[in-house]
2 protein chains.
Amino acid sequence: MLRLSKRVEYGLIALRHFASIEDHSVCTAKEISQRYNVPHELLAKVLQKLAQARIIQSYQGVRGGYVLLHNPKNIKISDVINAIELEKPMLAECFAQGPESCYIFDECTIRRPLGKIQRNINNFFHTMTIAEII
Amino acid sequence: MLRLSKRVEYGLIALRHFASIEDHSVCTAKEISQRYNVPHELLAKVLQKLAQARIIQSYQGVRGGYVLLHNPKNIKISDVINAIELEKPMLAECFAQGPESCYIFDECTIRRPLGKIQRNINNFFHTMTIAEII
DNA sequence: TAAAATACGACCATTTTTATCCGATTTTAT
DNA sequence: ATAAAATCGGATAAAAATGGTCGTATTTTA
């Protein structure tokens, strides 16, 4: 319960890696997967998502790889999560998918208090950046 | 990702129910399951857990059921979660199960920052009570 | 032209979560 | 006594989410 996905974990590890190396040098999925002992294929998918979200830039072909596109200070944790996950990270299903998704929506009495906790978590993800995890 | 379990949701709904009725009257799992349109058997198991944790008191037999044992102000959300879930609600597996559970523990670079978020969440669960969800 | 890399979809395996079922026990009321 | 209504708890099934792998195509460099 309340777990972050491995995908997000791997994404954060990768972004921290990009942010911690000096010049904006290119890193490959293979390098990162070996360095941090993370499944190559899965990491590759995560990096592709980050590239689609314009958080990193991809270069195909031999000597290709990825580079960071922004200052780590400007990459929020929420940006990373949103890039990687299809669904927003929400405590309750209805927060992510709306009233129709919940068959006890009308009888539910805990939505408001959970919403309070949710806002707190959202705020954290929205405030914290990659610069703070280096 | 980051979801609360249905078990915890049902537990909170039930406790809010107990806390919102006036006198400390007895409620059965059946009553609550019908009132809030929640699966009876699953709710029953959750209530059993809450009873084992001495958050509510169970009475067996005809006209049995459960009553709240404490002032809602003194029942923390964290108490409820700990009673219902075997494992602590943690963002990362290693936070709940220790270093041995994680095969990239030594290479992991995001433990500290995630710990910061975790403490924030923990603090919320530890501070908020059932009184605040009525 | 071969090699090394990303791109992307499909798929499978595992784990977690949710839900149900069943038999046992307890207690009350008839 | 007996039946009914409730909790207790173990077992299990069903469903969903997650993690991981595979294969093929494309791109780019040497």
Side-chain angles (χ1 to χ4, degrees), chain A residues 1-11 13-14 25-34 37-53 55-67 81 83-93 96-97 101-104, chain B residues 1-11 13-14 25-34 37-53 56-67 81 84-93 96-97 101-104:
Chain A
M1 201 187 66
L2 216 77
R3 283 285 156 77
L4 243 40
S5 68
K6 294 285 183 193
R7 288 167 57 87
V8 167
E9 287 184 11
Y10 298 160
I13 288 174
S25 60
V26 174
C27 293
T28 68
K30 193 178 178 187
E31 280 169 18
I32 296 177
S33 74
Q34 290 177 344
N37 193 26
V38 148
H40 172 257
E41 304 277 2
L42 190 50
L43 175 65
K45 288 215 176 309
V46 170
L47 293 177
Q48 283 164 31
K49 284 288 187 185
L50 293 175
Q52 285 168 11
I55 292 172
I56 57 181
Q57 168 78 47
S58 75
Y59 294 101
Q60 280 184 289
V62 174
R63 302 194 50 97
Y66 302 89
V67 293
I81 294 174
I84 295 172
E85 297 288 324
L86 293 174
E87 215 172 70
K88 293 266 171 71
M90 296 287 182
L91 295 175
E93 192 177 34
Q97 303 174 0
S101 66
C102 182
Y103 66 103
I104 65 166
Chain B
M1 199 187 68
L2 214 78
R3 283 285 156 79
L4 241 42
S5 69
K6 294 286 183 193
R7 288 168 57 86
V8 167
E9 287 184 12
Y10 299 160
I13 288 174
S25 60
V26 175
C27 294
T28 68
K30 194 178 177 187
E31 280 168 18
I32 297 177
S33 73
Q34 289 176 344
N37 193 26
V38 149
H40 171 258
E41 303 276 3
L42 189 51
L43 175 65
K45 292 222 174 304
V46 169
L47 293 177
Q48 284 164 29
K49 286 288 186 183
L50 293 175
Q52 286 168 10
I56 57 181
Q57 168 79 48
S58 76
Y59 295 101
Q60 278 184 289
V62 174
R63 302 196 49 97
Y66 303 89
V67 294
I81 293 174
I84 294 171
E85 296 288 325
L86 294 174
E87 214 171 72
K88 293 267 172 69
M90 296 288 181
L91 295 175
E93 192 176 36
Q97 303 176 0
S101 66
C102 182
Y103 65 102
I104 64 165

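So that the names make sense, note that chain A is the first sequence line, chain B the second, and so on, each numbered from 1.
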Nearest-Å distance, CG (A:L43) to P (C:dA5)?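 Atom CG in A:L43 sits about 13 Å away from atom P in C:dA5.
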For the pair made of CD1 in A:I84 and P in C:dC8, what is the distance, rounded to whole Å?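 To the nearest whole Å, that distance equals 16 Å.
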Kindly give the atom pairs (protein nitrogen or oxygen, nucleotide nitrogen or oxygen) under 3.5 Å for nucleotides 17-19 of chain C.
unit_1	atom_1	unit_2	atom_2	d
C:dT17	OP1	A:M1	N	3.0
C:dT18	OP1	B:K6	N	2.9
C:dT18	OP2	B:K6	N	3.2
C:dA19	OP1	A:Y103	OH	3.2
C:dA19	OP2	B:Y10	OH	3.1

Donor-acceptor contact below 3.5 Å, side chain A:R3 vs main chain B:M1: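 No, because the side chain of A:R3 does not come within donor-acceptor range (under 3.5 Å) of the backbone of B:M1.
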Within the distance-only criterion (no hydrogens, no angle test), does the side chain of B:R7 pair as donor or acceptor with the backbone N or O of B:E85 below 3.5 angstrom?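 Absent.
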Name every residue in residues 56-64 of chain B that has at least one heavy atom under 4.0 Å from any atom of DNA chain D, in order of residue number, or write none if there are no such residues.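 Of all residues in residues 56-64 of chain B, the ones placing a heavy atom under 4.0 Å from DNA chain D are B:S58, B:Y59, B:Q60, B:G61, B:V62.
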Check every strand shown and say whether [X] touches a base, only sugar-phosphate, or nothing at a heavy-atom separation below 4.0 Å.
X: B:A51; result: nothing
X: A:A44; result: nothing
X: A:E87; result: nothing

Take A:L2 and A:L91 through the side-chain contact (heavy atoms from CB on, under 4.5 Å) test and state the conclusion after the steps. CA-CA 7 Å; A:L2 216 77; A:L91 295 175; 3.5 Å; yes
Determine whether A:I32 and A:V38 satisfy the following criterion, side-chain contact (heavy atoms from CB on, under 4.5 Å), listing intermediate values before the conclusion. CA-CA 8 Å; A:I32 296 177; A:V38 148; over 6 Å; no
For chain A, the stretch of DNA chain D it reaches, first to last nucleotide, under 4.0 Å of its heavy atoms: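 Using the under 4.0 Å cut-off, the span is D:dG19 to D:dA30.
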If you pin A:Q48 and B:H40 to their nearest nucleotides in DNA chain C, which one's is more 5'?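 The 5'-side residue here is A:Q48.
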